[in-house]
Amino acid sequence: MSDPFDLGDIPEEETARGPSISERAAAGVAAPTPYLDSLNGPQRQAVEALDGPVLVLAGAGTGKTRVLTTRLAHVLNTKRAWPGQILAVTFTNKAAREMKQRIGALIGGVVEGMQWLGTFHALGAKILRRHAELVDLRSDFTILDADDQVRLMKQIIKAADIDEKRWPARQLANLIDSWKNRALAPDQVPKGESFAFANGKGAELYAAYQARLKTLNAVDFGDLLVENLRIFQEHPEVLEDYQQRFKYILVDEYQDTNVAQYLWLRLLARGHKNICCVGDDDQSIYGWRGAEVDNILKFEKDFPGATVVRLEQNYRSTPHILQAASGLITANEGRLGKTLWTDANDGEKLTVRGVWDGEEEARTIGEDIEQFQRKDHQLNEMAILVRASFQMREFEDRFINLGLPYRVIGGPRFYERLEIRDANAYFRLVAQPDDDLAFERIINKPKRGLGNVAVQTLHQAARAQGTSLWRAARPLIESEELKPQARRALTIFVESIERWRQLMPALPHTELAEQILDESGYTEMWQNDKSADAPGRLDNLKELVRSMEQFENLAGYLEHVSLVMDREDQEADDKINLMTLHAAKGLEFETVFLPGWEEGLFPHQRALDESGLAGLEEERRLAYVGITRAKQRAKISFAANRRIHNLWQNSLPSRFIDELPETNVEVESQGDTYSYGPSRFDEGGFAGSEYSSPGWQRAKAKAGNHATPPRRAPMIDAQATLIATSAPDAEGFERGERIFHQKFGYGCIQDIEGTKLTVEFEKAGTKKVIASFVERP
DNA sequence: TGCGGGATTTTTTTT
DNA sequence: AAATCCCGCA
């Protein structure tokens, strides 16, 4: 990583206002533009509309990335701007990488000087480091991750003498995040929302948290943008500098921007007004993270005179897939509206299959995959897209069993592993002395006799002197406050850190890293650990040191860790892809399996409970994203029974299934095909006569008038339809009573706790089940 | 100070 | 079922 304060390789004279002589001259010469020839009409329009604000509504599979990169190449090629004068923002690091790569391919060679291409957070961090002192930070500030954030929050809550059980830190963190997403400072938090935590202490705690961050010389993710905004607002001259610098602004996935990001963009775009946002309102699936679909819906109002281009020709999927997806999404209100079309042949209909439980679902999908495999289909071209990650497990089990290779995309992240975080804490403390959270994390890892007592003493000393733990440690060693044993341990610890710190300029950072891990005893700690995962952890540490090579120094590495949570995935081998629907956005596969389409799971109950209609619509967009990932075929399934937290629940098919247009769907059922009708899955259609039993009737009654939904009309006429299968009750069951359960048969109630029954079944053994799913024989 | 066992809870989605 | 957290005990 080069000098973070380097403004980039813009020749002096080019930063001046107005077009330069060479620019004016260049404008007269038609630069060769071969890359335009392969674009369709609207795509070309989106690329060539260089002046003023542009909104590109790019439906799924319409060549969005292509337009973005070509547009960028076009700006460069026509010499409208230098690489350093283009701000290109993406949401994920993957997208940023990809864009960089593709531009390189377009204009030939590596892209030099595109230093303002990155994620919102990476760019925010870059700007913040250059002006840190304007908001009471030093430029070597630490970026806290979610875990650090919560730990800090815990301390704040404890300090305010609030019951941590009743008001969990996690919740406060989420709340503060949501405020930062909307660019609200502590004093701007609406009264009512402040009451969402600890009886009105929300804003107060937020303020305390911010103050604490400042003393730690730290920021959290949200701050990367909010502090930018503060700088821009309080120092117009700084803002103006950037406004002039960025002649062209490009934004990917605009539908996912939150309010803070929107404000950030709007401020920066005010200079040259050449902002181009690409997005798809139908693919907005991050509302829970603060994304405002509204941003894209009101673009034309925010940027007067905007050109709006719609990309509607789809190059990915078959007509059946597109029509099914389009049919589904029309149930949403407040869309900008697009009609995807394609030249392709009809292809296969979507399939819908009902199965007994999750296990059977995994089994049948496994069989399907093996069958495709026999027909020479690539595993790489198949994906299973689940709503929630817990669903992955059954598939993994099954695949391991079958010996089918698979990969999980977006699984547990490397940098979030315990041992990696510990190692990073060592590095952080060496590089950033005042990083108290790092200090606390490793002071007694490995155990060196510095437990709670010592840490508390340190804390008190630090607070008394108004300084960091690190700075408080030295005087403490000189004093008599600690027990001799602890005092000795602390001395060794402090001296080690100091030694490493001195080595920093002299030693290559990978060697330093190795030395730190060795001399601190951290490696040894895992070597002595007898548990099964210890060797794996040691491997990860090695891998960590290896991966540090690609950075210039420790600081560069640390910046990367905090901002880039993902790692390049190895996509070389032929494997089945397993991921959540969220992780699937932007990807495409020949065959897509969509399991778990059940009320309560998809749409997810919590989305409905917390966000009502808006939540339902977002879930529907998620379904839309899922279907449109498919190039050739999409196979939907749902189970009648599912185990959640070790409780068996039975479930209804997702309402989304009935929202699919009939003509594009074929119903599959173990071997034979059922005739398709509006109520095919109700009234005991798919799995036999058990479904007319009282328990089924009761479950159905709870689902409101869901039974025969009017085709195409969204089912949100009554609040009741938003509630699927929650809130059961143990009405009138008694211990010892004989009952019947759909899945397990007859049994005897052993125990009742709230709505859960412990039942000893005659055939299935003892299970916990939810009361509403058992009935009297 | 550190460990073990029991109680308790669970992530839906992630830069 | 599993992981985490907390408390009490050695």
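In what follows, chains are A, B, ... by sequence order, proteins preceding strands, each numbered from 1.
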Practice problem: Would you please confirm or rule out a distance under 4.0 Å between OP1 or OP2 of B:dT15 and any side-chain N or O of A:Asn181? | Solution: no
Exercise. Round to a whole Å and report the spacing from CD of A:Glu253 to C1' of B:dT14.
Key: 14 Å
Practice problem: For A:Arg182, enumerate each residue passing the salt bridge (Lys or Arg N to Asp or Glu O under 4.0 Å) test, keeping only those at least two apart in sequence or located in another chain. | Solution: A:Glu193
Quiz item: Considering residues at least two apart in sequence or located in another chain, which fulfil the salt bridge (Lys or Arg N to Asp or Glu O under 4.0 Å) criterion with A:Arg621?
Solution: A:Glu618
Quiz item: Across the strands shown, which category fits A:Tyr286 at heavy-atom distances under 4.0 angstrom: base, sugar-phosphate, nothing?
Solution: sugar-phosphate
Polar atoms only, N or O, under 3.5 Å: list the protein pairs with nucleotides 2-10 of chain C and their distances.
none

Self-check item: Gap between atoms NZ and P, on A:Lys126 and B:dT15 respectively (whole Å)
Solution: 21 Å
Quiz item: Does A:Arg606 have any salt bridge (Lys or Arg N to Asp or Glu O under 4.0 Å) partners at least two apart in sequence or in another chain, and if so, which?
Solution: A:Glu610
Quiz item: Using a cut-off of 4.0 Å on non-hydrogen atoms, how would the nucleic acid contact of A:Asp177 be classed: base, sugar-phosphate, or nothing?
Solution: nothing
Quiz item: How would you list, by chain and number, every residue that makes a salt bridge (Lys or Arg N to Asp or Glu O under 4.0 Å) with A:Glu619, sequence neighbours excluded?
Solution: A:Arg387
Quiz item: Whole Å only: how far is the CD atom of A:Gln171 from the P atom of B:dT9?
Solution: 14 Å
Exercise. Check the distance between B:dT14's P and A:Glu618's CD and give it to me in whole angstrom.
Key: 12 Å
Quiz prompt | Value in whole Å for how far the P atom of B:dT14 lies from CZ of A:Arg170 | solution = 13 Å
Practice problem: Could you pull out all residues at least two apart from A:Tyr254 that satisfy ring-ring contact (aromatic ring centres under 6.0 Å, His included)? | Solution: A:Phe299
Exercise. Figure out the CG/C1' separation between A:Leu224 and B:dT14, and round it to whole Å.
Key: 15 Å
Quiz item: What does A:Ala146 touch in the nucleic acid at a heavy-atom separation under 4.0 angstrom: a base, only the sugar-phosphate, or nothing?
Solution: nothing
Quiz item: Ring centres of A:Tyr262 and A:Trp264 under 6.0 Å apart?
Solution: no
Practice problem: Give a yes or no on whether the ring-centroid distance for A:Phe656 and A:Phe638 is below 6.0 angstrom. | Solution: no
Self-check item: Nucleotide B:dT15, atom C1' - distance to CZ of A:Arg97 in whole Å
Solution: 13 Å
Quiz item: Between A:Thr580 and B:dT14, does any side-chain N or O lie under 4.0 Å from OP1 or OP2?
Solution: yes
Self-check item: d(OH, A:Tyr262; P, B:dT15) in whole Å
Solution: 25 Å
